[in-house]
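In each ligand, atom 1 is the first atom listed, and ligand 1 is the first ligand listed. The chain is numbered in sequence order, starting from 1.
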Amino acid sequence: DSQLYKQITPKLHLQKTKPDCKYDEILNNKETVDPWEVPKKIEHFSAKGVDNGSFVPAHCNPLFSVAVLVTYRNRQKQLDVFLPYMHNFLRKQNIHYKIYLIEQQDNKPFNKGVLYNIGVKQAINDKFPCLILHDVDLLPLDASNLYACTNDPRHMSASIDKLRYVLIYDFLVGGVLAIRADQYVAVNGFSSKFVGWGGEDDNFAYRLSSHNLNVVRFPREMSRYTMLLHRPESKNSQRYNLITENEQIASVDGLSAVPYHHSRVKNHKMFTLIQVNL
Ligand code: NGS
């Protein structure tokens, strides 16, 4: 059931003039980055082939089209590390991908769930069948960690250095999660009710399980990440109540009812920026 889910965007499908890309070599690549080596990897960066945060392999026809969605506010130092690192990492994977940065511009409490819902609407509009929800402070260390969707949602960041490479609880889906766009729509996306730090991902995990969507993981030696350090965010003291309360109202709280907001899309070389005012 962790079979890779292949469905390329219709637009790319029309230009099928190259042989299909191969993925076995990537999945079997044992190359691992030492977290301390990450700054050196970033120095060797050129944005070649990247435009509007998007990349298409030159020599083969990609079988995966993946939207990488990053919610964000006021973490410039992390972003400066994240973007070059991710393009270096992803360009080697023979996939078609695009990085979306969804930035909350107002000073209201951070609402990661709403930002994801807004970003996902754009990605679906751009015909991406596979979504990867990605924290800005996590960098993948294993070359074999293919950024593609499996048939079941896949929790990709099971093994993080800051958490001593241990999965802290089994239903964790926070950090990095790959999910098919149709499955994201089926569970009605994220709740809008979680502001500040924590809980929105646990609530999302309940949404997945109530739709009988089983979360899978690649083996640990393919799922290592390094976490960039930052000051802790203020935690939402209501989050534990909200997690269970929201189970009952999931069908009216989420992607189908994104709260009123202003947003605009701007193209940068290394990312597509969605600026949001809630
Ligand atoms: C849990 C949070 C999750 C969070 C996870 C990992 O306690 O939202 O820790 O966080 N749940 C609640 O607060 C209810 S981490 O250690 O990676 O910063 O994703």
Side-chain angles (χ1 to χ4, degrees), residues 33 35 38 68-75 77-79 81-82 85-86 102 104 108-120 131-142 145 147 153-179 183-184 187-210 213-218 220 222-250 253-255 278:
V33 182
V38 167
V68 178
L69 299 144
V70 183
T71 59
Y72 176 84
R73 181 165 71 185
N74 199 19
R75 295 251 191 117
K77 277 192 184 151
Q78 294 189 353
L79 191 63
V81 175
F82 180 83
Y85 185 90
M86 289 310 290
I102 309 111
Q104 185 173 333
K108 292 177 189 160
F110 193 63
N111 194 326
K112 193 167 180 167
V114 169
L115 296 179
Y116 272 141
N117 288 341
I118 292 169
V120 166
L131 314 167
I132 296 190
L133 314 178
H134 211 300
D135 281 0
V136 72
D137 58 359
L138 289 177
L139 306 177
L141 298 175
D142 297 303
N145 192 355
Y147 270 54
R154 175 164 64 108
H155 183 233
M156 296 173 66
S157 55
S159 190
I160 299 175
D161 58 354
K162 194 187 147 199
L163 307 176
R164 292 183 291 152
Y165 297 108
V166 168
L167 181 64
I168 50 177
Y169 51 92
D170 196 50
F171 67 92
L172 179 68
V173 296
V176 186
L177 181 75
I179 181 168
Q183 291 168 335
Y184 190 97
V187 304
N188 200 20
F190 274 79
S191 166
S192 312
K193 308 271 186 259
F194 291 81
V195 292
W197 188 91
E200 80 294 333
D201 51 343
D202 298 329
N203 179 261
F204 192 73
Y206 280 116
R207 289 178 178 224
L208 295 175
S209 76
S210 70
L213 289 169
N214 178 36
V215 175
V216 298
R217 296 187 178 91
F218 279 176
R220 261 211 280 171
M222 297 167 81
S223 313
R224 283 170 290 206
Y225 281 76
T226 187
M227 187 185 273
L228 303 171
L229 295 178
H230 51 89
R231 265 180 277 128
E233 306 286 344
S234 61
K235 294 192 168 52
N236 176 353
S237 56
Q238 292 304 309
R239 63 194 191 281
Y240 290 101
N241 302 336
L242 281 168
I243 289 169
T244 41
E245 245 174 51
N246 263 322
E247 279 179 65
Q248 290 107 49
I249 60 162
D253 165 29
L255 188 67
L278 293 177

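- Under the side-chain contact (heavy atoms from CB on, under 4.5 Å) criterion, Glu200 pairs with Lys112, Phe190, Phe194, not counting sequence neighbours.
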Walk me through whether Arg207 and Asp253 qualify under salt bridge (charged side-chain N to carboxylate O under 4.0 Å, His left out). CA-CA 11 Å; Arg207 289 178 178 224; Asp253 165 29; 3.6 Å; yes
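- When heavy-atom distances to ligand 1 are checked against 4.0 Å, the residues falling inside are Leu163, Ile168, Tyr169, Leu172, Trp197, Gly198, Gly199, Asp201, Asp202, Met227, Arg239, Tyr240, Ile243, ordered by chain and number.
- Comment: Arg220 does not engage Asp142 in a salt bridge, judged by the lack of any side-chain N to carboxylate O separation of less than 4.0 angstrom.
- Put simply, the side chain of Lys193 reaches to within 4.5 Å of the side chain of Ile249, judged on heavy atoms.
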Is there a salt bridge (charged side-chain N to carboxylate O under 4.0 Å, His left out) between Asp201 and Arg239? Walk through the geometry before answering. CA-CA 11 Å; Asp201 51 343; Arg239 63 194 191 281; over 6 Å; no
Decide yes or no on side chain to side chain donor-acceptor pair (under 3.5 Å) for Tyr240 and Asp202, but give the supporting numbers first. CA-CA 9 Å; Tyr240 290 101; Asp202 298 329; over 6 Å; no
